Amino acid sequence: MTDPAIETLLAEERRYPPPEEFSEQANAKADIYDIPFEEFWEREGRERVTWFEPFSSLLEWELPYAKWYLGGKINVAYNCLDRHVEAGLGERVAYYFEGEPVGERAPITYSQLLEEVVKSANGLKALGVGKGTPVGIYMGMGPGLPVAMLACARLGAPHTVVFGGFSAEALADRLNDMRCEILLTQDEGWRRGQTVPLKKNADEALESCPGVRKVVVGQRTRAEVPMTKGRDISWSELVEGQSSDAASCPCEPMDSEDLLYLLYTSGTTAKPKGIAHTTAGYLVGAATTHHYVFDLKPDTDVFWCAADIGWVTGHSYIVYGPLCNGATSVLYEGTPDFPDKDRWWDIVERYGVTILYTAPTAIRAHMKWGPEHAEQHDLSSLRLLGTVGEPINPEAWIWYREHIGADRLPVVDTWWQTETGMIMLTPLPGVTTAKPGAATKPFPGVEAAVVDDRGQEVGPGGGGYLVLKRPWPAMTRGIFGDDERFRATYWERFPGMYFAGDGARVDEDGDFWLLGRVDDVMNVSGHRISTIEVESALVDHPSVAEAAVCGRADSLTGQAIVAFVTLKGSEEASVEMLDVLRNHVAVKIGPIAKPANIVFTPELPKTRSGKIMRRLLRDVAEERPLGDTTTLADPTVVAEIADRAVAQPAEE
Ligand code: WTA
């Protein structure tokens, strides 16, 4: 065997086969993996969605661009709303909306959601929005956001949702890149009891967006916001006098490959990439994965994806996948600790949530706060748990299963990206034996592999680069306006394969373990060590809530490992603790992975979607000026860490 591209050191032996009762009733049985890839996507394409005109050809593949379900005519909003109402399901709740201010609640049925979408679409039409008009959306996590997206989809107007936590500058870049003509926003949003000045940011952004001719302003907090005459109108003016009858605004029949949306991902430094998703393949991919991975039973389940719609997770698993499947979801506006740290568990109990999908960063926050907050609530409605967004440390996985899942619920660790549009590696909850920290298997109809520097598949146990070997329906159709960058970023490193930018290993059972972004891999004395394994060894210690590691230059070993550690609520940082943790890593992984120094810190720098930003920690560890911090959720965190790092000299 060749040298592995990344070494893997941490052995995780715990196994959790699916409970028998779960398997018996599961949407996906073991034989789902036997269906040939084309047959699988052909079947799902015919059954999962409703076509105005059926597709005539499944797939056209001219690397790196795929086209799916060609010749079909379809509308996403029709699939998400009208067809359910036509089928007599109008009274079913689409969203239990839970506002952040306590007590602000509103169930919204499919009929009501359809009416709101039709009125808004009629209003937008009056503003000249039609097929192909690019629309920007900059709103908080209220029902108005899915209404805005679906109104666009109904008219065939592609949208870009810009996360409400982004600044005016980030908003302006995105609106200009997509050449948006219309912006849908709102007065303010709520976040942790504070208001977020969305309209104010939008006004600032629009100073440099001459192409935006109309701005529609929803009212959430009802604060007075300045309105620019001739440009701005309120949402109530938009819908005033507009019909809510679906027939008054028929769904635009779209080609399968028409653009549905762009979603911008920030690279580490460069300009954000407008990741393009088209209509039919995206919808089929999102709905199919939602059905099988979450085992959705639309009549009885209450599904909660506790993410923000501003990220792809929310696009696929709060809006398009669940609505297409006729699901009932929770839509929560605020943060998990407002007004108290039990807010989530209160929500789970009140609505009888059956399926909960969240990110490792949130789980680690709950770990840090302690299980007592969940213990105050009856979580017995839950039957399935999921995670996404980062590699999950085995201890966080176990904590989630034990404290939230009564030590019996299946946990699905799902790997995917904005670019993939849908879940790609995942357990199937009634089929797969779960392993804490493993995303396990490619979803049916998906082919993945781990390769070395030369693109050769590495054998079981070896670490390397995660690649995808054939097209899938929800795959991105490119970076908007930048073919060259699309090819260079994803397709040139390993010819013929999609390079995800993540490290992974496959074990003896063929299960995939994600090792983090390859840019984060450390090189210590010639050993390439992944960040997640050292972090997981640290989180394995009972005093540790969260850890991030990175390499800094070392004249002896090339790189030395620096760890940034957040301790659990009551634990105190001390020199003894530092030794204990270094030794703990040495025991769990080996002396090679022992951090040269550990910086204790109450918070880690994270992106607004909750991913740890190791690039900035490297700057801190190297005592370099900090790189781009604009995508940080809380920019003060790095400055504080930098102070602490200087105060704590390196060991050895
Ligand atoms: C990471 C989020 C390990 C990974 C849907 C990927 C994960 C990036 C997992 C995409 C997981 C996501 N295990 N890592 N289960 N899920 N990632 O575009 O590095 O916000 O490339 O999409 O998140 O992030 P994005």
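From a predicted model like this one, the values you see are computed outputs, not experimental measurements.
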For a ring-ring contact (aromatic ring centres under 6.0 Å, His included) with Tyr317, tell me which candidate from Trp311, Phe303, Trp416, Trp304 qualifies.
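The ring-ring contact (aromatic ring centres under 6.0 Å, His included) with Tyr317 is passed solely by Trp416 among Trp311, Phe303, Trp416, Trp304.
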With Phe486 as reference, evaluate Phe480, Phe499, Tyr65 under the ring-ring contact (aromatic ring centres under 6.0 Å, His included) test and give the passing residue.
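Of Phe480, Phe499, Tyr65, ring-ring contact (aromatic ring centres under 6.0 Å, His included) with Phe486 is met by Tyr65 alone.
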Do Thr278 and Glu257 meet the criterion of a side-chain donor-acceptor pair at a distance under 3.5 Å?
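Per modelled atom types, Thr278 and Glu257 side chains form a pair under 3.5 Å.
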Any side-chain donor near an acceptor of the partner, Trp235 and Ser120, under 3.5 Å
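Yes, a side-chain donor-acceptor pair sits under 3.5 Å.
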Got a donor-acceptor contact below 3.5 angstrom from the [X] side chain to the [Y] backbone?
| X | Y | value |
| --- | --- | --- |
| His84 | Leu323 | yes |
| Asn75 | Glu252 | yes |
| Asp301 | Leu296 | no |
| Lys199 | Thr185 | no |
| Arg505 | Gly464 | no |
| Tyr498 | Leu466 | no |
| Thr133 | Ala157 | no |
| His315 | Ile309 | yes |

Is it true that the NZ or CZ of [X] lies under 6.0 Å from the centre of [Y]'s six-membered ring and within 45 degrees of the ring axis?
| X | Y | value |
| --- | --- | --- |
| Arg608 | Phe163 | no |
| Arg174 | Tyr138 | no |
| Arg46 | Phe55 | yes |

Measure the acute angle between the ring planes of [X] and [Y], then classify it against the limits of 30° and 60° as parallel, tilted or perpendicular.
| X | Y | value |
| --- | --- | --- |
| His277 | Tyr261 | tilted |
| Tyr465 | Phe494 | tilted |
| Phe443 | Tyr292 | tilted |

Output all residues satisfying salt bridge (Lys or Arg N to Asp or Glu O under 4.0 Å) with Arg231, sequence neighbours left out; order by chain, then residue number.
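For Arg231 the salt bridge (Lys or Arg N to Asp or Glu O under 4.0 Å) partners, ignoring immediate neighbours, are Asp203.
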As a quick check of understanding, evaluate side-chain contact (heavy atoms from CB on, under 4.5 Å) for Glu116 and Ile108, giving each step before the final call.
CA-CA 10 Å; Glu116 291 304 313; Ile108 301 149; over 6 Å; no
